[in-house]
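Note that this is a predicted model, so its numbers are computed, not measured. Atoms considered below: every heavy atom in the structure, side chains included; atoms not considered: hydrogens, waters and symmetry mates.
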Amino acid sequence: MKSAPYLLSLPALLLFAVVVIVPLGMTVLLSFHDWGQYKGIEPVFILKNWREVLTDSYFLEMFGRTFRIALHVTVLTALFGAPEAYILNRMKSPWRGIFLLVILGPLLISVVARTLGWALLFGGNSGLVNKALASLGLISAPLPFMFTETGMVVALAHVLMPYMVLAVWAALQRLDPQIENAAVALGAGHSPCCVASCCPRSCRASCRAPSSCSRWRPALSPRPPSSAAAGSRSRPRSPTTSF
């Protein structure tokens, strides 16, 4: 029965519509009505609220700061999370399970507890980070981390890093390991092969970009045509690495 998956997901979709879509729709409708402290909500169609949001410097600064922090956090988690997911994908048991537990460990701790931990690390003159940097002679005065965008970006990247690792790791698990081996057999180096086969999957996991792994699919045969034509030439060794 082809409609079975849709019927099974129907209760979750209905709950999502009631809890998320309906309140958002009501909020959008209310944004076109007037409101006063004493008169309440008036059912009149106006664009004053939207005009204020799009022209007021307060809202523009708030939106700009939000998108800037989101961009920095995304780039930071991608730079550290994608290589971590690649290493996790190449690991063998039992190391994969151990390091997966290490990655998921922060999710088992309350966000409040983790925030207090970062407060101890970044806390002004007594913070461990400033003390370590001062003892190494890298700074002469404490760096302001608390209540700044820098501290917020670092803390958010720490909180969201497991989600990036899990998303990229799930995408890499669907990648045929023989694609990389076949690419190396055809003469590609390890770094270009990793970029061509793994990076598109990683990008697709985070931003749904089109994958360009298909160019390696003609090389999935156990012995590539170039090696068969070469006859006595030895086949390059597989780059598979186990940790």
(request) Run through the side-chain heavy atoms of Ile, Leu, Val, Met, Phe, Trp and Tyr, join any pair under 4.5 Å, and report what else lands in Leu133's cluster. (result)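 Besides Leu133, the hydrophobic cluster comprises Trp118, Leu121, Phe122, Leu128, Val129, Leu136, Leu138, Ile139, Leu143, Phe145, Met146, Phe147, Val154, listed by chain and residue number.
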(message) Among residues at least two apart in sequence or on other chains, which ones pass ring-ring contact (aromatic ring centres under 6.0 Å, His included) with Phe45?
(response)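 Listed in chain order: Phe32.
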(request) Answer yes when Arg65 and Glu61 have at least one side-chain N-carboxylate O distance shorter than 4.0 Å, and no when they do not. (result)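 Between Glu61 and Arg65 there is a salt bridge, with a charged N closer than 4.0 Å to a carboxylate O.
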[X] versus [Y], closest heavy-atom pair with distance:
X: Thr55; Y: Leu60; value: O-CD1, 4.2 Å
X: Pro23; Y: Val18; value: CD-O, 3.3 Å
X: Glu84; Y: Ile103; value: OE2-CG1, 3.3 Å
X: Lys48; Y: Asp34; value: NZ-OD1, 3.3 Å
X: Met161; Y: Thr77; value: SD-O, 3.7 Å

(request) With sequence neighbours excluded, tell me which residues meet side-chain hydrogen bond (donor to acceptor under 3.5 Å, both in side chains) with Arg68. (result)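 Applying side-chain hydrogen bond (donor to acceptor under 3.5 Å, both in side chains) to Arg68 gives Glu149.
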(request) Go through the steps to decide whether Glu52 and Phe59 satisfy the test side chain to side chain contact (heavy atoms under 4.5 Å, CB included), and finish with yes or no. (result) CA-CA 8 Å; Glu52 183 178 358; Phe59 292 104; 4.1 Å; yes
(request) Would you sort out whether Arg114 and His158 count as a side chain to side chain contact (heavy atoms under 4.5 Å, CB included), showing the intermediate values? (result) CA-CA 9 Å; Arg114 282 182 284 175; His158 172 255; 3.6 Å; yes
Hey, does [Y] have a side-chain heavy atom less than 4.5 Å from the side chain of [X]?
X: Tyr6; Y: Leu13; result: no
X: Leu116; Y: Leu120; result: no
X: Glu42; Y: Trp35; result: no

(message) Let me check something: do Met164 and Leu101 share a hydrophobic cluster, defined by ILVMFWY side-chain heavy atoms less than 4.5 Å apart, either directly or through other members?
(response)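 Hydrophobic grouping puts Met164 apart from Leu101.
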(request) State plainly whether one hydrophobic cluster holds both Leu24 and Leu30, where clusters connect Ile, Leu, Val, Met, Phe, Trp and Tyr through side-chain heavy atoms under 4.5 angstrom apart. (result)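 No: no chain of side-chain contacts under 4.5 Å links Leu24 to Leu30.
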(message) As an exercise, state the distance from CD1 of Ile109 to OG1 of Thr115, rounded to the nearest 0.5 Å.
(response)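 Reported to 0.5 Å precision, the distance equals 11.5 Å.
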(request) Any chance you could measure Trp169, atom CH2, to Leu88, atom CG, to the nearest 0.5 Å? (result)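 Result: 5.5 Å between the selected atoms.
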